[in-house]
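Reviewing the structure listed below.
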Amino acid sequence: MHSAAALKIEDATTFPIPAGVYAETVVSVKHYTDRLFSFRITRPQAFRFRSGEFVMIGLPNAEKPVFRAYSIASPSWDEEVEFFSIKVPDGPLTSELQKIVPGDTVLMRQKSTGTLVLDALTPAKRVFMISTGTGIAPFASLIRDPETYDKFDQVILTHTCRDRAELVYGEELCAEAVNDPLIGEMAAGRLILYSTTTREVTPRMGRITHLIESGKFCTDLGIPPLNPTSDRVMICGSMSMLKDVKSLVESLGFTEGSNNKPADFVVERAFVG
Ligand code: A2P
């Protein structure tokens with residue numbers, strides 16, 4: 001029996017690296033709660049992606065490793081690749097992935113893809129990036145991409161989680177972005193984080209769908225109601241959240257865009273496993 005634990009590459013000689021897969025080294029790991037953690041791996045020189053895309057991740061712990069889709073949380077100019085992950089106790093991948101430490105090996109398929117990309121939206125005044133839970137990951141990439149600020153005057157990132165501890169990743173991310181030497185100047189005053197909790201009592205509570213519908217969201221930000229003339233929307237979260245936010249924006253007259261036909265909003269599932 002082989003141990004299911006994460007293996008260092010030199011220990012993994014019994015498990016050849018599958019074709020089309022990079023074997024990369026874990027650089028750092030940060031645990032936020034018993035449900036959430038982020039990690040950074042080395043970046044292969046040849047690995048190119050568009051901010052907002054996802055890639056398949058696995059561990060070298062089996063002949064046929066389990067791969068799961070992960071949004072890339074780092075911007076395309078970063079020397080490392082960052083991911084933000086949920087921990088599912090009996091998840092086929094995350095039950096083991098949550099144990100990784102610096103020096104371990106993570107497998108990453110060579111091709112990234114996804115719909116949550118700037119190319120799928122037409123230019124506008126504001127972009128709203130609406131996320132719940134680990135759905136913030138692709139936006140962690142996009143808010144650090146200079147192209148986002150070239151395309152939109154204002155970048156409004158919403159993050160809704162059950163409790164305050166789950167919001168820390170997004171809060172640190174935005175605080176660091178405005179101080180970043182590359183994008184700080186572009187992001188300062190133009191990047192806004194709007195975070196809410198739904199279970200722990202905090203000053204700003206509620207599902208984003210309810211906050212948009214009630215008008216509180218726009219009142220809080222001092223902006224006009226969402227409309228397809230001046231706004232674009234990117235959505236990432238659970239299946240039910242996607243469904244609800246999509247029908248909400250469609251009811252406001254937004255049209256879904258794609259790589260081939262850019263329009264007003266785009267949607268991507270936050271992956272769990
Ligand atoms: P709630 O606590 O009311 O379920 P999870 O941790 O289960 O993935 O959820 C992340 C966040 O997404 C929670 O704050 C949750 O609120 C919220 N959420 C779940 N479903 C929806 C939905 N259909 N629309 C908007 N927000 C949702």
Side-chain angles (χ1 to χ4, degrees), residues 30-39 52 54 57 68-73 83-95 97-98 114-116 127-143 156-174 192-221 223 225-226 231-252 254 256 264-273:
K30 185 164 179 184
H31 293 269
Y32 290 86
T33 68
D34 56 2
R35 295 204 315 144
L36 295 172
F37 72 111
S38 68
F39 59 98
F54 67 84
I57 293 287
R68 287 286 178 270
Y70 271 84
S71 291
I72 300 163
F83 299 98
F84 185 46
S85 178
I86 194 142
K87 306 175 195 176
V88 181
D90 54 358
L93 177 61
T94 63
S95 57
L97 190 67
Q98 64 178 282
T115 55
L116 225 54
V127 63
F128 294 89
M129 300 177 177
I130 302 197
S131 71
T132 54
T134 56
I136 195 174
F139 303 136
S141 177
L142 282 159
I143 66 152
I156 299 166
L157 170 63
T158 85
H159 194 207
T160 301
C161 292
R162 297 179 186 187
D163 56 49
R164 203 190 294 252
E166 295 182 334
L167 296 176
V168 171
Y169 177 80
E171 288 164 355
E172 289 180 355
L173 169 78
C174 292
I192 295 167
L193 174 66
Y194 186 90
S195 38
T196 74
T197 57
T198 49
R199 304 199 187 180
E200 185 180 345
V201 177
T202 60
R204 188 173 280 159
M205 289 194 70
R207 286 187 172 194
I208 194 66
T209 38
H210 300 161
L211 292 162
I212 294 173
E213 277 163 342
S214 72
K216 182 168 178 355
F217 174 64
C218 292
T219 308
D220 285 348
L221 293 174
I223 55 170
L226 265 66
D231 305 329
R232 298 292 170 262
V233 181
M234 306 179 94
I235 312 165
C236 190
S238 62
M239 286 309 279
S240 82
M241 176 274 199
L242 297 188
K243 193 169 141 283
D244 290 352
V245 182
K246 180 173 153 71
S247 52
L248 171 59
V249 296
E250 281 176 341
S251 75
L252 299 172
F254 287 75
E256 186 163 1
D264 309 328
F265 80 94
V266 281
V267 174
E268 191 101 83
R269 181 174 171 213
F271 305 94
V272 178

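In listed order, ligands and their atoms are each counted from 1.
Checking Tyr169 against Ser38 by side-chain atom types alone, no donor-acceptor pair falls below 3.5 Å. Defined by atom type and a distance below 3.5 Å, a donor-acceptor pair is missing between the side-chain atoms of His210 and Lys216.
For ligand 1, the protein residues within 4.0 angstrom (heavy atoms only) are Arg35, Thr132, Thr160, Cys161, Arg162, Thr198, Arg199, Arg207, Thr209, Ser240, Met241, Asp244.
Evaluation of the salt bridge (Lys or Arg N to Asp or Glu O under 4.0 Å) rule for Glu250 yields Lys246 as partners, not counting sequence neighbours. Taking the salt bridge (Lys or Arg N to Asp or Glu O under 4.0 Å) definition, one finds that Glu268 meets it with nothing, sequence neighbours left out.
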Taking distance alone, no hydrogens or angles, what donor-acceptor pairs closer than 3.5 Å link side-chain atoms of residues 232-245 to residues at least two apart or in another chain?
residue	atom	partner	partner atom	Å
Arg232	NE	Thr122	O	3.0
Arg232	NE	Thr122	OG1	3.0
Arg232	NH1	Pro228	O	2.7
Arg232	NH2	Thr122	OG1	3.2
Ser238	OG	Met241	N	3.3

Handout entry: Intermediate values then yes/no, salt bridge (charged side-chain N to carboxylate O under 4.0 Å, His left out), Glu171 and Arg164
Key = CA-CA 10 Å; Glu171 288 164 355; Arg164 203 190 294 252; over 6 Å; no
